[in-house]
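A short worksheet on the structure shown next.
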Amino acid sequence: MTEIDAATRTELEAAVFRRLVAHLQSRTDVQNIDLMNMAGFCRNCLSNWLKDAADAKDLPMSKDDSREAVYGMPYSEWKRLHQSDATPEQQAAFTKAAAEPH
C-alpha cells in the first residue's frame, strides 16, 4: 500500500464516513435492527461514536446533535417516518447475536 501522510489519511477517512452516512440516510428502508443483525452496528452506533470522538476532543456535542448528524434529521422524526416495529424474527436474531462472544 502507498504511504499516506496522517492528514491525508484523516481526510480520506472523513470522506468515507460522510459517504457512509449519506448512504444510510438514503436507505431509510434498512432498519437499524437489520444493520445490527447483519453488521453489528447501526446508525445509533455511528452517532454514539461521533459523540465519543467529540467528547475526546472536549467539543460540545449532545446525543441529539450527533444523532441528527447521522440521521440527517431529528431522531424522533426519523423514527416517526421510517422506523417500523421489529418482527419476532428480527428480535430473535438480535438476541442471538447479542449472546454470541465477539
>> Would you compute the distance between atom OH of Tyr71 and atom CD of Glu77 and round it to the nearest 0.5 angstrom?
In response: 13.0 Å
>> If we count only N and O atoms by modelled type, under 3.5 Å, do the side chains of Gln90 and Asn37 hold a donor and an acceptor together?
In response: no
> Can you tell if the side chain of Ser47 reaches within under 4.5 Å of the side chain of Glu68, non-hydrogen atoms only?
Replying inline: no
>> Please find the pair of heavy atoms, one from Leu20 and one from Leu46, that lie closest to each other, and give the distance.
In response: CD2-CD1, 4.0 Å
> When rounded to the nearest 0.5 angstrom, what distance separates CZ in Arg27 from CG in Asp29?
Replying inline: 4.0 Å
> Of all heavy-atom pairs between Lys51 and Met61, which one has the smallest distance, and what is that distance?
Replying inline: NZ-O, 3.2 Å
> When you look at OH of Tyr75, are more than 12 heavy atoms from neighbouring residues, nucleotides or ligands closer to it than 6.0 Å?
Replying inline: yes
> Where do Arg43 and Leu35 come nearest, in terms of heavy atoms and distance?
Replying inline: NH1-CD1, 3.6 Å
> So which heavy atom on Ala69 is nearest to which on Leu50, and how close?
Replying inline: CB-CD2, 3.8 Å
> For Met73, does the CE atom have more than 12 heavy-atom neighbours from other residues, nucleotides or ligands under 6.0 Å away?
Replying inline: yes
> If you round to the nearest 0.5 Å, how far is NZ of Lys79 from CG of Asn32?
Replying inline: 10.5 Å
> Are Val70 and Trp49 grouped together when hydrophobic residues (ILVMFWY) are joined by side-chain heavy atoms under 4.5 angstrom apart?
Replying inline: yes
>> Within this structure, what is the OG-CG distance for the pair Ser84 and Asp34, rounded to the nearest 0.5 Å?
In response: 8.0 Å
> So, the side chain of Thr8 versus the backbone of Ile4: is there a donor-acceptor pair under 3.5 Å, distance only?
Replying inline: no
> Short question: side chain of Arg67, backbone of Asn44 - any donor-acceptor pair under 3.5 Å?
Replying inline: no
>> Quick check: closest heavy atoms across Gln25 and Thr28, and the distance to 0.1 Å?
In response: O-CG2, 3.3 Å
> Which heavy-atom pair separates Gln31 from His82 by the least distance, and what is that distance?
Replying inline: NE2-O, 2.8 Å
> In terms of hydrophobic clustering (I, L, V, M, F, W, Y; side-chain heavy atoms under 4.5 Å; direct or indirect links), are Met38 and Val30 co-clustered?
Replying inline: no
> With hydrophobic residues grouped by side-chain heavy-atom distances under 4.5 Å, do Ile33 and Trp78 end up in a single group?
Replying inline: no
> Would the number of heavy atoms belonging to other residues, nucleotides or ligands and lying under 6.0 Å from CG of Asp85 be above 12?
Replying inline: no
